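Following: one structure in structure tokens, then a few remarks.
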Amino acid sequence: MAALLQREFFIREDVVQIAKDLLGKYLVSYKDGIRTSGVIVETEAYRAPDDKGCHAYQNKLTERTSTMFMIGGTSYVYICYGIHNLFNVVTGPEGIAHAVLIRAVEPVDGVDHMMTRRNLKKVKKEMVNGPGKFTRAMNITKEQNAISLLSKKDDLWIEDRGVAVETPQIIEGPRVGMGRSVAECSNWPWRFRIKDNKWTSKPDQVWYDWS
DNA sequence: AAGAGGATGAACT
DNA sequence: GTTCATCCTCTTG
């Protein structure tokens, strides 16, 4: 049933396709003896060197972006606004700085622990419907930066539990949170979510529905 | 050595 | 709708 995603899935060249293919896959975290998991329901693609919204635009290599150049199947976690841990999946072969930002998950396992970590008494969408929210719920931090997602020996991995998300169920839209200097790129429809899924972030924003 | 700003979220009004 | 928390990373000098 639950098959660990293999290297072949991650090292493909088309990061936009991988962003779509990750919808419906299960992200699993095992931290402090606690297992939590969720279905990936919203993603964004980032692609150096031509994508101005990408940290590694023009293949800029710094200590932070060096993770993006690692082989597909590596995690890329960085701190945003000094507070939030944002989780990405590095894709493509080594040397190619592509990544998919996971923006929201639908909680599955360890829901009570997610609530505790999020300081909530009831399950609601606000628990996980944002890139800094579900990482908190699943205790994904910078400590998981640059680790492999291919082994259950590490804290994080991705499973295929046989859920297929067909093209008509995928809604695309512009990416979020980029300044004016990258407006041209922020309009690229590289953000994807599962149609009618209530766990996605900012559902009221502009979405293109091609179904 | 210093300063600006960011792939956000929460708590306000 | 607005504010601001909070700090790391990168750029500049």
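What you see is a predicted model; the values in this text were computed from it and never measured. The basis for the numbers below is simple: all heavy atoms, side chains too, and nothing from hydrogens, waters or symmetry mates. Just so it is clear: chains get the letters A, B, ... in the order the sequence lines come, proteins before strands, and each one is counted from 1.
Atom CD of A:E63 and atom C1' of C:dT9 are 9 Å apart (whole Å). Rounded to an integer number of Å, the gap from A:N187 CG to B:dA7 P is 16 Å. Look at CG on A:L120: it is 14 Å from P on B:dG9, rounded to the nearest Å. One can place NE2 of A:H98 at 16 Å from C1' of B:dA7, the figure rounded to the nearest angstrom. Rounded to whole Å, the distance from CG on A:L61 to C1' on C:dT9 is 14 Å. In this structure, OH of A:Y57 is placed 19 Å from P of B:dG5, rounded to the nearest angstrom. Summarising the geometry, the separation between CG on A:N129 and P on B:dG9 is reported as 8 Å, rounded to the nearest angstrom. Across the protein-nucleic acid pair, A:R64 atom CZ and B:dA7 atom C1' stand 9 Å apart, rounded to whole Å.
A:K31 contributes a side-chain N or O that, together with a main-chain N or O of A:N139, makes up a donor-acceptor pair within less than 3.5 Å. Not one N or O on the side chain of A:T200 forms a donor-acceptor pair closer than 3.5 Å with the backbone of A:R193. A distance-only check finds no donor-acceptor pair linking the side chain of A:D109 to the backbone of A:S37 [under 3.5 Å]. No donor-acceptor pair under 3.5 Å is formed between the side chain of A:Q144 and the backbone N or O of A:V77. Judged purely by atom type and a 3.5 angstrom limit, A:Q6 uses its side chain to pair as donor or acceptor with the backbone of A:L4.
Residues A:E42 and A:R191 are paired through a salt bridge, judged by an N-O separation under 4.0 Å between the basic side chain and the carboxylate.
At the phosphate of C:dT11, OP1 or OP2 sits under 4.0 Å from a side-chain N or O atom of A:K60. A sub-4.0 Å separation between OP1 or OP2 of B:dA7 and a side-chain N or O of A:K52 is absent.
Residues A:V111 and A:M127 have side chains in contact (heavy-atom distance under 4.5 Å, counting atoms from C-beta outward).
When both pairing distances are held under 3.5 Å, B:dA7 makes no Watson-Crick or G-U pair with any nucleotide shown. The base-pairing partner of C:dG1, taking Watson-Crick or G-U wobble contacts with both distances under 3.5 Å, is B:dC12.
Within 6.0 Å of OH on A:Y30 lie no more than 12 heavy atoms contributed by other residues, nucleotides or ligands.
Note that A:R7 lies outside the cation-pi zone of A:F10, set by a 6.0 Å cut-off to the ring centre and a 45° limit from the axis.
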Scan nucleotides 10-13 of chain B against the protein and return all N/O pairs shorter than 3.5 Å with their distances rounded to 0.1 Å.
| from | atom 1 | to | atom 2 | distance (Å) |
| --- | --- | --- | --- | --- |
| B:dA10 | OP1 | A:R118 | NH1 | 2.7 |
| B:dA10 | OP1 | A:R118 | NH2 | 3.0 |

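Within residues 74-86 of chain A, the residues approaching DNA chain C are A:Y81, A:G82, A:I83, by heavy-atom distance under 4.0 Å.
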